[in-house]
Colleague: 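I'd like to ask some things about the structure below.
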Protein chains: 2
Amino acid sequence: MNTKEKIMHIALDLFSVRGFSAVSVHEIAKEVGIKAPSLYKHYKSKQDIFEAILLQMQKGYQQEAQGFALSGVDPNVDAKQYIMMSEVDLLQLGKQLFLYFLKDEFVVKVRKMITLEQFHNKDLADFYSLQYFHAPIEYQATLFQTMMDSKIFRQEDPKVMALHFYAPLFLLLTLCDRNSDQEQDAFELLEAHIKQFSRLYKN
Amino acid sequence: MNTKEKIMHIALDLFSVRGFSAVSVHEIAKEVGIKAPSLYKHYKSKQDIFEAILLQMQKGYQQEAQGFALSGVDPNVDAKQYIMMSEVDLLQLGKQLFLYFLKDEFVVKVRKMITLEQFHNKDLADFYSLQYFHAPIEYQATLFQTMMDSKIFRQEDPKVMALHFYAPLFLLLTLCDRNSDQEQDAFELLEAHIKQFSRLYKN
DNA sequence: GTCTATAAGAAGATAGAC
DNA sequence: GTCTATCTTCTTATAGAC
């Protein structure tokens, strides 16, 4: 990893725990192993590092989504693959989604960082809401709609069904972000959630 | 309101949007209408203001819980009142809980402030997790257990049932914290959630 | 309880040598 | 691309007059 990348990752480490304004350029440089002024040969300002992290995440997310069980691009295509979905498959899907959000270090740190900056400006608020509310809900609603059409699940509002599936995932995820020592409990509760969810919606 | 209280409320206004470290003592004092050094006659440090806010919230929460539909103290007592609970009552309960978390200005601002400081230290992380995860889940699990015993709801894991009831509330709450313009949508989705929840769990 | 003056240091960022 | 030296501004906090 070159110095520019090293700066970005160490800045992210610090921003994601203490927040942008509580971290000094001096501190980032020290962790990298250079002096603060050297850092300005790579980034024109502290804010520039922050923006580089966001850009990197948008790039990385596009790539990850491709290789993912759910492409995240066209839920209608995905849904056709899951029309015959059993309870086990749904469990698999939920776990996979949860583990991606929880175990991809870069994703975790960027989420934490944005969590700490979400009220600063509208762009970041909108970005967070899109990434962790609207996009997953819309996506899963389309998925469940298709599965309802094929009589796997009872006829209910697919958007609310998506909310019922996703909201516990999100709550447990944010719990783990704060208290990583509770990951095991969270994971067990996640399993219990999806199994009970399947029973409730099963036709 | 005296100057000491004024300082606390204005500090909270600023901390809850920009975070503790991004707000200067000078700025707080300016908004209050005094000079920065005068502020130190009321609080011994900036950190001291932060801690005063947390203390004030703990006081206020104890009082609010008393007058609340759910006492928040003994769920077994509460549950007996709700044994005959209908779908409409559950809707009422959910809305009330949601509106308390969303419309009590002090509660909203303190939640936002702690959201921005939650990764700084373990005490704040634990406080957030207790307030917005463990306490509500435990409380509602006990409530639902009693309601299952009296055959109102189908026999399922009461803790997971509590998760199913509460997680969408939390997700919509944090959405409103970021995007207050989406409150109306959130509220409608909340209603749809509780109605569908009732249908799913109804015996 | 407010003010002005000021300390003492840390902040982000630039200039210019190597 | 790294360094030292430096600029300028801002930071928290104190001293002491009124």
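Letters go in sequence order (proteins before strands), and every chain restarts at 1. Any value given below was found using the heavy atoms of this structure, including those in side chains, with hydrogens, waters and symmetry copies removed.
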Colleague: Check the surroundings of atom CD in A:Glu105: do more than 12 heavy atoms from other residues, nucleotides or ligands lie under 6.0 Å from it?
Modeller: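 Incorrect, the count does not exceed 12.
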Colleague: Near DNA chain D, which residues from residues 27-40 of chain B have a heavy atom under 4.0 Å away?
Modeller: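 Per residue number, the list reads B:Pro37, B:Tyr40.
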Colleague: I want to confirm an ordering. Mapping A:Lys41 and A:Ala22 to their closest nucleotides on DNA chain C, which one lands closer to the 5' end?
Modeller: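 Nearest nucleotide further toward 5': that of A:Ala22.
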Colleague: Should the ring pair A:Phe165 and A:His193 be called parallel, tilted or perpendicular, given that the plane angle runs from 0 to 90° and is split at 30 and 60?
Modeller: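 It falls in the tilted class, 30° to 60°.
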Colleague: Classify the ring geometry of B:Phe15 against B:Phe20: parallel below 30°, tilted from 30° to 60°, perpendicular beyond 60°.
Modeller: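 Tilted: the ring planes of B:Phe15 and B:Phe20 meet at 30° to 60°.
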Colleague: Hydrogens and angles aside, do A:Gln96 and A:Gln92 bring a side-chain donor and acceptor to less than 3.5 Å of each other?
Modeller: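 No, no side-chain donor-acceptor pair sits under 3.5 Å.
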Colleague: Angle class for the A:Phe101/A:Tyr132 ring planes (parallel below 30°, perpendicular above 60°, tilted otherwise)?
Modeller: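 The arrangement is tilted - the two ring planes meet at 30° to 60°.
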Colleague: Strictly distance-based, threshold 3.5 Å: is any side-chain N or O of A:Gln118 a donor or acceptor partner for the main-chain N or O of A:Thr115?
Modeller: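 Yes: the side chain of A:Gln118 pairs with the backbone of A:Thr115.
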Colleague: Tell me, please, the opening and closing nucleotides of DNA chain D, 5' to 3', among those with an atom under 4.0 angstrom from a non-hydrogen atom of chain A.
Modeller: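 Counting from the 5' end, contacts occupy D:dG1 to D:dA5.
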Colleague: Less than 3.5 Å apart, any donor N or O on the side chain of A:Tyr201 or A:Gln196 sitting next to an acceptor on the other?
Modeller: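 Their side chains do not contain a donor-acceptor pair, so the 3.5 Å distance test is not met.
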Colleague: Can you name the one residue among A:Leu102, A:Leu99, A:Leu172 that meets side-chain contact (heavy atoms from CB on, under 4.5 Å) with A:Phe187?
Modeller: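 Option passing the side-chain contact (heavy atoms from CB on, under 4.5 Å) with A:Phe187: A:Leu99.
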Colleague: Just how far, in rounded Å, is C1' of C:dT14 from NE2 of A:His26?
Modeller: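 Spelled out: NE2 on A:His26 to C1' on C:dT14 is 18 Å.
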